[in-house]
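Fair warning: this is a prediction, and the values are worked out from it, not measured in the lab.
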Amino acid sequence: VQKRSIVIAGLPESGKTTFLAALWHLVVERRSETQLRLDSLLDGEKAHLNKIAARWREGKAQVRTESGQDRVVSMSLLDQTSNKFRLTFPDVCGESFREIWEERQCSVSLADMLRGCDSLLLFVNADKYQRHLLTVETTAQSKKSKMPLPSNTKVEWNPRLSPTQVQVVDLLQLFRTAPISANVTKLALVLSLWDKVAEEKRSPRDFLRERFPLLHQYLTAQGEAWNWATFGVSAQGGDYIRDDVKPTDAQLRQVAKLKKLDVPSKRITVISDQTTSHDLTEPIKWLLE
Amino acid sequence: VSIDFSRLTCTNEACDVNATGKCVEGIELAACSHLVKSGAAWEQIAGRDDDNNADRSLTTIALASGECLSVTEAGATLRARESKIFAIIGPTDSGKTSLIGSLYEMFQKQDAPEYSFAGSRTLIAFEQACHPARAVAKLIEPSTPTTPHSTNPYGVNFYHLALRTASGKFVDLLMADRTGEDYRSATDDLTVCTEFVEIQRADTLTFLLNGELLLDDGNRHNVVAGAEMLIQSFIDAQIVDPRQRILFVLTKVDVVHAASQARKRRTERDFAEFVQHIQKLHGANFSEIAAIQTAASPKKSNLPHGFGVSDVLRYWMTPAPAPDEIEDLVVTPRRAMSWLG
């Protein structure tokens, strides 16, 4: 049995827990052809995975992982030639990654997880992210559309206001440099909520190049020798119902439609530069190669 | 109670605090941002008696600040890979920080054909410098960032950008930024120049001339005279050498272009004549003298954001022509110089 550890990283609300929920559903359901399949339920703590997968099936959005609730979940999987893998996924709350950029500090436990992992599954929300926008651009836009200029209320600098691509680049840099000094080089970059941008008909790599050019250059330049691939992932197929927000009628209709699918894993879409499938194990399989 | 300094860790590669018990930059250990704030030795140094804080410091580790690099840190970068230092020189409000910020912004918008962004150790510093021109600052027009007074020894900040060229070579750019007041004081007292480690080590001395002031009847002569005096001061203080290049940058040309044709022509002529004058006076002291116009963060919409900035980068990245004859360098050994390699 080969033991591998994959750290699931990403800023808050980048889709980490949803991915894990859908992945667990997919491997235990076993009705879809997947690159990796369940070996046994013998190992590991399954209560958390069962809980989040149940919410996923019900069309309920995942509850935000609270700080201090970091978990290591594990799965025993087989590849198509029946090689056995025991995968552990440290599932760390997004706030811990935000803290790295904003507070310039990292918990000792997360640093240890990063040092001990074989690869990274890094999530970036393809729909909701902090864009890079200049004042001259918004002013020109307002003038062109004859809209009123934004109010002149000076907002002081705060690291949270920085473009998402800058924050993600710095996370990757900080993982690799002292004092974290993780040796990890294999990176699957997951552009989550892909259903929201799918109609743009672009490959994940083209999307990354156009929307996150700084991150794309950083990875392509190979200054830190990342062995990386990009995947567009829609792990839900649409907006799920949140516990804390009253759903709209459109949302209720969409969730009802998703729940009517006979095979729930059909809600999932995974796009790589070559293929489109419902197989959420594809990025994991690539990381194991 | 004695402190076991050997258990301390510093993120600054040049610092051997665990051997000497002293910060290489002479900073109080409790205030040093590079020291890893965990472990019993750190607790003793910090003198913390608050249980919560102590618990937290034991469960977290401090990461690199992302702020500007000190002379020591810049020196470590120089030794690690092919690097270039660019001294950006100009009086207060001449646009030094805008130029640096705008250069970084180029890589945020699209893939650059000639150079790709390959990393930066000062992303926090860049982000702060760029904030006044960003929509999130919620200002109707971009405001001008100012160079913060450096708390580093030698009073200079280094912004860092790692770039990959089209031929696949990596180059680290270190852009030195110090307050305009520091440079101005050098024209009153030449001894101040010895502190300007960035001038002594720079590949290109980039002098900024404020186009908005050059346009103004009351200020135009002072703009030119200030730059001339500064160059003369550097030469007399023997902190420049013939291998270095000078790049004159006329900044804020969006304001110049928005003026009447007559005033615009006069300003451009003033700038061209100034460059010719310096060439005539000091051409032999430098390997090349060139000039570029920029509008790094235009307030007028007549020019695009970052106008001319890619030309500055292209010039910086082009290897300097070898001078016909280079005299032996007079090197003044100093601590900071040795740090900068």
Engaged part of A:L174 at the chain B interface, taking heavy atoms whose separation is under 4.5 Å: side chain
Side chain / backbone / both / neither for B:P298 at chain A, heavy atoms under 4.5 Å: backbone
Toward chain B, the part of A:Q167 with a non-hydrogen atom under 4.5 Å: neither
B:F107 to A:Q217 - nearest heavy-atom pair and separation: O-NE2, 2.9 Å
Most chain B-contacting option - heavy-atom pairs closer than 4.5 Å, from A:V136, A:N158, A:V166: A:V166
A:E199 atom CD: more than 12 heavy-atom contacts under 6.0 Å: no
B:E67 and A:R104 ion-paired at < 4.0 Å: no
Side chain to side chain donor-acceptor pair (under 3.5 Å) partners of B:S102, counting only residues at least two apart: none
From B:I124 atom CD1 to A:S162 atom OG, the distance as rounded to the nearest 0.5 Å: 6.0 Å
Interatomic spacing from OG in B:S116 to NE2 in A:H216 - rounded to 0.5 Å: 9.0 Å
Largest heavy-atom contact set with chain B, pairs under 4.5 Å, which of A:P159, A:P163, A:A178: A:P163
Toward chain B, the part of A:L215 with a non-hydrogen atom under 4.5 Å: neither
Validation row: B:I61, A:P179 side chains within 4.5 angstrom (heavy atoms): yes
Atom group of A:E224 that falls short of 4.5 Å from chain B, counting heavy atoms: neither
Gap between atom CZ of A:F212 and atom CD of B:Q108 - 0.5 Å precision: 11.5 Å
Spacing of B:R134 atom CZ and A:L133 atom CG [to the nearest 0.5 Å]: 9.5 Å
Atom pair CG (A:L134) and OG (B:S297), whose distance is rounded to the nearest 0.5 Å: 7.5 Å
Under 4.5 Å from a heavy atom of chain A, the part of B:F117 involved: both
Over all atoms of both residues, closest heavy-atom pair of A:W101 and B:E127: CH2-CG, 4.2 Å
From CA spacing to verdict: side chain to side chain contact (heavy atoms under 4.5 Å, CB included), A:V108, B:T60: CA-CA 5 Å; A:V108 170; B:T60 60; 5.7 Å; no
Per-residue contact mode, B:A64 against chain A (heavy atom under 4.5 angstrom): both
Minimum heavy-atom distance between B:P132 and A:T135, given as atom pair plus value: O-OG1, 4.3 Å
More than 12 heavy atoms from other groups under 6.0 Å of CG on A:N183: no
Option that, when pairs with chain A are counted at under 4.5 Å, heavy atom only, ranks first among B:V136, B:L63, B:L163: B:L63
Modelled atom types, side-chain donor and acceptor of A:H132 and B:E105, under 3.5 Å: yes
OG-CG distance between B:S120 and A:L214, expressed to the nearest 0.5 angstrom: 9.0 Å
Any side-chain heavy-atom pair of B:L123 and A:Q173 under 4.5 Å: yes
